[in-house]
Protein chains: 2
Amino acid sequence: MTTESIPAVICTVDVVLLTLEQSTLKVALVRREREPFAQALALPGGYIHAQDDVDAQASAARVLRDKAGLESPYLEQLATFTGAVRDPRGWSVAVAYCALVPATVLAQAAGRVELVAVDELPPLPFDHRQIIDAAVLRVRSKSQYSSLPVHLCAEPFTLPQLQAVYETVLGEPVNKVSFRRKVDELAMLEPVPGALQTGGAHRPAQLYRVRPAYRRQLSLSARGL
Amino acid sequence: MTTESIPAVICTVDVVLLTLEQSTLKVALVRREREPFAQALALPGGYIHAQDDVDAQASAARVLRDKAGLESPYLEQLATFTGAVRDPRGWSVAVAYCALVPATVLAQAAGRVELVAVDELPPLPFDHRQIIDAAVLRVRSKSQYSSLPVHLCAEPFTLPQLQAVYETVLGEPVNKVSFRRKVDELAMLEPVPGALQTGGAHRPAQLYRVRPAYRRQLSLSARGL
DNA sequence: GTAATAGTGTCTTTCAGACACTATCCT
DNA sequence: AGGATAGTGTCTGAAAGACACTATTAC
């Protein structure tokens, strides 16, 4: 009943790579090499390679590898941004993914990406501003009830460190007792037989790591999809 | 650096249209007219029409109109299913949407769609089973903290009716007092000056409708994206 | 009156936050 | 000893569920 010639739609992936640096949530941006918007700062992204990628998640992982030189254990589909006007090249579909890594991991990408505080974004090409805003909203939302922020902490870490990460992401103080109760009942962390002492003039804190059994299911967090 | 000839990717939308019939959550399926899987029961879906649709949400609304002959006030992007093997025609991107309508509205589509209980799905083509499962999971999850199930109730409705809808969707009994407290503090409903009497041999229940001010923001529910 | 469901008042239990206290390091 | 942060015990207040009671209809 309809035509068999389907006008081509541009299929891409974009990755919102987030990290915590200086107690600030930052997104990794790259300089675009090609038109449109060549030289502009934008989300790392690229075409889906039907011949190479098994699915769009693989495309996102490849983009992350090529543009930032890193792997992200946490890589989750965020949403898909579509339409006739978001890309000057034509009607496009951009499947957006969200990645979270500790700052230490992002150090590997030094020089290849630029870290920008998500609350101080410059004007960005396409609808990348919206995509980032959606990612930040999602991360903040999920952090209220899940263990998602542990992906922003390099292991091993102390509970006060993890609490500080939660407080930065949520943008508000977290009750210490409640926080520890939650961590305890989730039974997701295990103490490492060794204490942190560095800072010095005070009692050292216990170091923790994620229980191996929980490492897998961390991506698919508690509620919903 | 890479090739400029991008192998075509098949771009489609699929709609998971859910309703409540006989106290059961059901999904609307249609018989496929064309290959692949012609004659098979599947989700209503179709190609994105770059020349007609402003974005994929518009494609989904068009599919709903063409295949089921109805408009759904609630139409939300669910997730995107991609890959080389999910469609025998080749590498594909399917942006999935979730729609919720009262059974009375779906009556308009009688004969065009077949309602199937989501807990008794037959084998389905593509990855439509996964898509439906994701939609049901999402609806159940959101129903725990949002007013999403009101989209399954034809207005005006009574509170006992709405509570029954919640109980069916969640699959567990809901505390009456708590339920009414929540409804009250959300201040989302307003009583209609007229009571229901039908059933008869008992006290009639107050009829309610959604407050006009809340009608808009019902789609974008409380938490997250 | 009786049966049946709508709607409400109130007690109990559960959970999150506040606060204060102890513990352990460094200087 | 004193300062600083880690870690814990306990009280309090808010919110959710359990239960029972009243309200209003048809017969």
Side-chain angles (χ1 to χ4, degrees), chain A residues 23 140-147 149-150 153-209 222-223, chain B residues 23 140-147 149-150 153-209 222-223:
Chain A
S23 295
R140 294 218 162 109
S141 172
K142 280 204 170 187
S143 297
Q144 288 174 348
Y145 55 85
S146 82
S147 54
V150 301
C153 262
E155 289 185 279
F157 48 80
T158 69
L159 292 186
Q161 282 170 356
L162 184 59
Q163 182 177 346
V165 168
Y166 269 86
E167 291 177 337
T168 299
V169 172
L170 295 175
E172 60 186 11
V174 169
N175 182 280
K176 185 168 60 165
V177 179
S178 301
F179 177 73
R180 283 162 180 264
R181 265 196 297 243
K182 266 279 182 282
V183 168
D184 187 59
E185 71 195 23
L186 286 179
M188 182 188 53
L189 303 181
E190 64 183 6
V192 183
L196 181 109
Q197 58 220 355
T198 60
H202 56 274
R203 175 174 176 177
Q206 176 65 53
L207 286 164
Y208 289 84
R209 62 179 163 226
R223 297 199 195 185
Chain B
S23 296
R140 294 217 161 109
S141 172
K142 280 204 171 188
S143 297
Q144 288 174 348
Y145 55 83
S146 81
S147 54
V150 301
C153 262
E155 288 185 278
F157 48 80
T158 69
L159 292 187
Q161 282 169 356
L162 183 60
Q163 182 176 348
V165 169
Y166 269 85
E167 291 177 339
T168 299
V169 172
L170 295 175
E172 61 185 12
V174 168
N175 183 281
K176 184 168 61 167
V177 179
S178 301
F179 177 74
R180 283 163 181 265
R181 265 196 295 244
K182 265 277 182 283
V183 167
D184 187 59
E185 71 195 24
L186 286 179
M188 181 186 54
L189 303 181
E190 63 184 7
V192 182
L196 181 110
Q197 57 221 354
T198 61
H202 55 272
R203 174 176 177 177
Q206 176 64 55
L207 286 163
Y208 289 84
R209 64 179 162 226
R223 297 198 194 186

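As a basis for the values below, the full set of heavy atoms in this structure was taken, side chains included, without hydrogen atoms, waters or symmetry mates. The chains referred to below are lettered A, B, ... by the order of the sequence lines, with proteins before strands, and numbering in each begins at 1.
In this structure, B/Y166 atom OH and D/dG17 atom P are separated by 13 Å, rounded to whole Å. The nearest whole Å value for the distance from the CZ atom in B/F157 to the P atom in C/dA6 is 15 Å. One can place OH of A/Y145 at 19 Å from C1' of C/dA16, the figure rounded to the nearest angstrom. Between the CD atom of B/E185 and the C1' atom of D/dA16 there is a distance of 11 Å, rounded to whole Å. Taking atom CG of B/N175 as the reference point, atom P of C/dT12 lies 16 Å away to the nearest angstrom.
Proximity of a side-chain donor or acceptor of B/Q163 to a complementary backbone N or O of B/V174 within less than 3.5 Å is detected. Distance alone, capped at 3.5 Å, is enough to place a donor-acceptor pair between the A/Q206 side chain and the A/V192 backbone. Between the side chain of B/Q161 and the main chain of B/T158, a donor-acceptor pair closer than 3.5 Å is present.
When all heavy atoms of B/C153 and B/L162 are compared, the pair lying nearest together is SG-CD1, 4.0 Å. The heavy-atom pair separating A/R140 from A/V169 by the smallest distance is NE-O, 2.7 Å.
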Original post:
How would nucleotides 4-12 of chain D be written as a contact map, 5' to 3', with B for base contact, S for sugar-phosphate-only contact and - for no contact, using protein heavy atoms under 4.0 Å?
Top reply: BBBBBBB--
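Ring centers of A/F179 and A/Y166: under 6.0 Å apart, within the cut-off.
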